Structure formats: structure tokens, C-alpha cells
*Asks:* 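The structure that follows is given in the form of C-alpha cells.
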Amino acid sequence: MAFESVARILRMADSVVVLTGAGVSAESGIPTFREALTGLWAEFRPEDLATPEAFERNPRRVWEWYAARRASIGKVQPNPAHIAVAKLETIIPRLTLVTQNVDGLHQRAGSRRVLELHGNIARTRCSREGRVVDAWPETGHVPPHCPFCDAPLRPDVVWFGELLPQTVLEEATNAAASCDLLLVVGTSGLVYPASAIPHAALAEGVPVCVIDPADVPLASIPGVLAIRGAAGDRLPALLSAAWPD
Ligand code: OAD
């Protein structure tokens, strides 16, 4: 039974990598990426909003969509899945958390070291120079302009068609390929290069566990330990099984 095997490996593990996707924030009330956009933005597709071309075409609309997302994320709380991952960081000597999410909920749950493959919606950067900007004069421009070079500011996230931060990706891939257990939680595994990380682990014989209510492609690879269920339920249960006292 996968659950018992994973709990046993987890208990003995010195290094664990946790790779999370939108599913780990689903129980906080944040729609996963592949659920339809809701409400005001229902008529748009992510590809119409989360790309450099969309920003070029209509910077105000893209900025306002991210402002709306930031506002809705500010209203939700980390869920038991985020809290379990933060707790794991206090137990496992070497825990590496790698997330595709931009919502910052892992950090709000207490995770201290988070490798953000796709950036973070709470951060803003200059669209020309790339530097992160914490404050800017309110001039009424939407999006606001960079206080250093006057270019439009943008969310510090990776858009479709953009490169991921390569050092972060390398660190995540190397950690996954050399750890005692890789937990893949709440990701459809459809988006490259994040989706290549579990395969780097499998190639090195690292035990890989998938936690997802759906039967995602990774779960059907021979040898992968699949635990079907919600992250907010299965992750706390896994920690209780690994450390029953
Ligand atoms: P997806 O929406 O593709 O997949 C979410 C996964 O979470 C699915 O496999 C769901 O079955 C699963 N899921 C849903 N509820 C869950 C729960 N309660 N517990 C556990 N799993 C649950 O989201 P991602 O795989 O994260 O990239 O998408 C990856 C990337 O695609 C995103 O980071 C984004 C998008 O393009 C960029 O923005 C660059």
C-alpha cells in the first residue's frame, strides 16, 4: 500500500523534496490553474492575461487582473496542506520545498525556504530592468511606473512563454535527483520544465510519491507511489502515520 510505504520512507528520510502545484492551494479556496477563470475575468483565458504579449497589448488589464488575484489571495488562509509542509520542514533535516504557485501561501503557513519556480504575485518588478520594486509614487498610472526608469511595472511572476529562473530550477532539479523522497502534491504535471523534475528523481532511483485526488499522468508511471486524495487530508495523515507519537 503506497500510503504505508511513503510514511515509512518519510520517517527514515534525511532529505525530502516537496514539489507543489495549484492543488495544494485548492482547499484554501484558490481555483487551480486549469479551472475556468471565474467572475469578472470569466471571459478571458490565462493565455490572454498571463503572457508578455498580453501585457504589451493591454498592460492595464493584466495589471488589474493580478491586482484582483492579489486581493482575493489576501482574503484566504493557508490550509492544512501548507501547514503540514511547514511542519515537515521542522522535522526533516534537509527539506526543499519547490512550488509552482505564486500565491505565497507556503510562506504564510510558516515555510521558511521556498523555491518559487514561477515567482510570487506579491512581488512587483520593473518590466524593463527586471529589478524588484517595493514602492512607487502614486501617479495615477495603471500599471504604475518604475521609480528608477519610468517603464511600466509588472507582477514578478513567470508568464507563459517566459523562462523560469534558471538557478532556482537547477537547485530544485538537483535536490529532487539526490533526495530520499520526492513528494509531488497537487500538480497536473502538464507544464514544462517543472514537470521534468519528478523524472529527474525517477532517473536516479529516488522514491516518488504523488498526492492528488485525480489520476494524473505521473501517478501511472510504474514504481511511482500514488496516494489518491486531497492534500489537506493526506499530508497531515502522512505526517501522523510517520510520527505517530
Ligand atoms: P493544475 O490546475 O494544472 O493542476 C492542479 C492539480 O491539483 C490537478 O492535478 C488537480 O487534480 C489537483 N488538485 C485539485 N484539488 C486538489 C487538492 N485538494 N489536493 C491535491 N491536489 C488537488 O495546476 P498546476 O499543475 O499547478 O504556470 O499548473 C502548473 C502551472 O500551469 C502553473 O504554475 C501555471 C500554469 O501554466 C504559470 O503560470 C507559468
Side-chain angles (χ1 to χ4, degrees), residues 2-3 6 18-38 41 44-55 62 65-66 69-70 73 76-85 88 97-106 109 114-123 125 154-166 168-169 172 182-199 208-221 224-239:
F3 183 87
V6 176
V18 183
L19 170 64
T20 64
V24 88
S25 295
E27 290 156 89
S28 294
I30 297 184
T32 62
F33 221 87
R34 271 148 196 87
E35 286 169 356
L37 288 179
T38 51
W41 307 96
F44 296 105
R45 296 174 307 127
E47 290 77 1
D48 300 332
L49 294 163
T51 65
E53 296 74 23
F55 187 69
V62 173
W65 180 54
Y66 278 90
R69 285 178 66 191
R70 261 195 297 277
I73 286 167
V76 303
Q77 296 302 322
N79 70 61
H82 298 109
I83 293 163
V85 173
L88 205 49
L97 171 56
V98 183
T99 190
Q100 300 170 85
N101 300 338
V102 297
D103 57 34
L105 287 177
H106 281 302
V114 186
L115 297 182
E116 295 177 315
L117 291 177
H118 295 158
N120 189 315
I121 201 169
R123 279 195 310 269
R125 74 170 193 246
R154 58 165 280 180
D156 187 25
V157 297
V158 175
W159 280 333
F160 289 101
E162 290 186 320
L163 275 180
L164 274 67
Q166 292 307 296
V168 176
L169 180 61
L182 170 65
L183 293 172
V184 181
V185 190
T187 176
S188 59
L190 296 176
V191 173
Y192 182 83
S195 56
I197 293 174
H199 297 279
V208 174
C209 165
V210 175
I211 298 178
D212 198 303
D215 189 15
V216 292
L218 184 63
S220 51
I221 293 179
V224 169
L225 298 159
I227 297 176
R228 293 290 290 272
D233 168 69
R234 294 293 81 203
L235 274 174
L238 206 48
L239 269 67

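Note that this is a predicted model, so its numbers are computed, not measured. Whatever order the structure lists ligands and atoms in, that order sets their numbers, starting from 1.
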*Asks:* Indicate yes or no: does an N/O atom of Ala231 lie under 3.5 Å from an N/O atom of ligand 1?
*Replies:*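 Yes, since at least one N or O of Ala231 sits under 3.5 Å from an N or O of ligand 1.
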*Asks:* Sequence neighbours left out, what passes salt bridge (charged side-chain N to carboxylate O under 4.0 Å, His left out) with Glu53? Give chain and number order.
*Replies:*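 Glu53 satisfies salt bridge (charged side-chain N to carboxylate O under 4.0 Å, His left out) with no other residue.
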*Asks:* Going by heavy atoms, is Leu190 under 4.0 Å from ligand 1?
*Replies:*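 Under 4.0 Å: no for Leu190.
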*Asks:* Between Val191 and ligand 1, which residue portion shows a heavy-atom distance shorter than 4.0 Å: side chain, backbone, both, or neither?
*Replies:*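 The side chain, only.
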*Asks:* Restricting to side-chain hydrogen bond (donor to acceptor under 3.5 Å, both in side chains), what partner residues turn up for Ser25, sequence neighbours left out?
*Replies:*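 His82, Asp103.
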*Asks:* Could you list the atoms of ligand 1 found under 4.0 angstrom from a heavy atom of Glu27?
*Replies:*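 In order of number, 17 (C), 18 (N), 19 (N).
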*Asks:* Between Val216 and ligand 1, which residue portion shows a heavy-atom distance shorter than 4.0 Å: side chain, backbone, both, or neither?
*Replies:*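 It is the side chain that gets close, since no backbone atom is under 4.0 Å.
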*Asks:* With atom 24 (P) of ligand 1 as the reference point, say which of Val210, Thr187, Thr20 has the nearest heavy atom.
*Replies:*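 Looking at heavy atoms only, Thr187 sits closest to atom 24 (P) of ligand 1.
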*Asks:* Nearest 0.5 Å please: distance from the CD1 atom of Ile221 over to the NE2 atom of His199.
*Replies:*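 Those atoms lie 4.5 Å apart.
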*Asks:* Between Ser25, Ser188, Ala81, flag the one that comes closest to atom 4 (O) of ligand 1 by a heavy atom.
*Replies:*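 The option holding the nearest heavy atom is Ser188.
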*Asks:* Just so I know, are the side chains of Val102 and Ile73 near enough to count as touching, which here means a heavy-atom distance under 4.5 Å?
*Replies:*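 Counting from C-beta outward, Val102 and Ile73 never come under 4.5 Å.
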*Asks:* Between Ala50 and Trp65, what is the shortest heavy-atom contact and its length?
*Replies:*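 Scanning both residues completely, I find the closest heavy atoms to be CB-CZ3, 4.0 Å.
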*Asks:* Could you tell me which atoms of ligand 1, counted from 1 in the order shown, lie closer than 4.0 angstrom to a heavy atom of Gly21?
*Replies:*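 The list of qualifying atoms is 26 (O).
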*Asks:* Find the distance between CG (Leu88) and CG (Leu235) and round it off to the nearest 0.5 Å.
*Replies:*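 So the CG of Leu88 and the CG of Leu235 are separated by 8.0 Å.
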*Asks:* So, taking the atom named CG in Leu169 and the one named NE2 in His118, what distance separates them when rounded to the nearest 0.5 Å?
*Replies:*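 It comes to 8.5 Å.
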*Asks:* Taking all non-hydrogen atoms of both residues into account, name the closest pair between Ala194 and Leu19 and its distance.
*Replies:*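 Result for this residue pair: O-CD2, 4.1 Å.
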*Asks:* Does only the side chain of Ala26 get under 4.0 Å from ligand 1, or the backbone, or both, or neither? Count heavy atoms.
*Replies:*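 Near ligand 1, Ala26 shows its side chain, while the N, CA, C and O stay back.
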*Asks:* As an exercise, identify every atom of ligand 1 less than 4.0 angstrom from a heavy atom of Phe160.
*Replies:*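 So the answer, numbered in order with elements, is 36 (O).
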*Asks:* If you look at every heavy atom in Val185 and Ala231, which pair is closest and at what distance?
*Replies:*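 Reported closest heavy-atom pair: CG1-CB, 3.5 Å.
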*Asks:* Counting heavy atoms only, which of Gly186, Ala219, Gly161, Gly232 comes nearest to atom 5 (C) of ligand 1?
*Replies:*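 The residue whose heavy atom sits nearest atom 5 (C) of ligand 1 is Gly186.
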*Asks:* Can you list the atoms of ligand 1 that are under 4.0 Å from a heavy atom of Ala214?
*Replies:*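 Going through ligand 1 atom by atom, the ones under 4.0 Å from Ala214 are 11 (O).
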*Asks:* Judging by distance only, is a nitrogen or oxygen of Ala22 under 3.5 angstrom from one on ligand 1?
*Replies:*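 By distance alone, the answer is yes.
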*Asks:* With backbone taken as N, CA, C and O and side chain as the heavy atoms from C-beta onward, which portion of Gln100 lies under 4.0 Å from ligand 1: side chain, backbone, both, or neither?
*Replies:*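 Contact part for Gln100 vs ligand 1: both backbone and side chain.
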*Asks:* Nearest 0.5 Å, what's the CD-CD1 distance between Glu116 and Ile121?
*Replies:*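 Answer rounded to 0.5 Å: 11.5 Å.
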*Asks:* In Å and rounded to the nearest 0.5 Å, what is the CD1 to CG distance from Ile227 to Leu238?
*Replies:*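 Reported value, rounded in 0.5 Å steps: 5.0 Å.
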*Asks:* Take every heavy atom of Ala50, measure it against each atom of ligand 1, and state whether any distance is under 4.0 Å.
*Replies:*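 Flag not set, Ala50 not near ligand 1.
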*Asks:* Is there a polar contact between ligand 1 and Asp212, counting only N or O atoms under 3.5 Å apart?
*Replies:*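 N/O-N/O distance under 3.5 Å: yes.
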*Asks:* Can Trp159 be said to touch ligand 1, with heavy atoms closer than 4.0 Å?
*Replies:*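 Heavy atoms of Trp159 never come under 4.0 Å of ligand 1.
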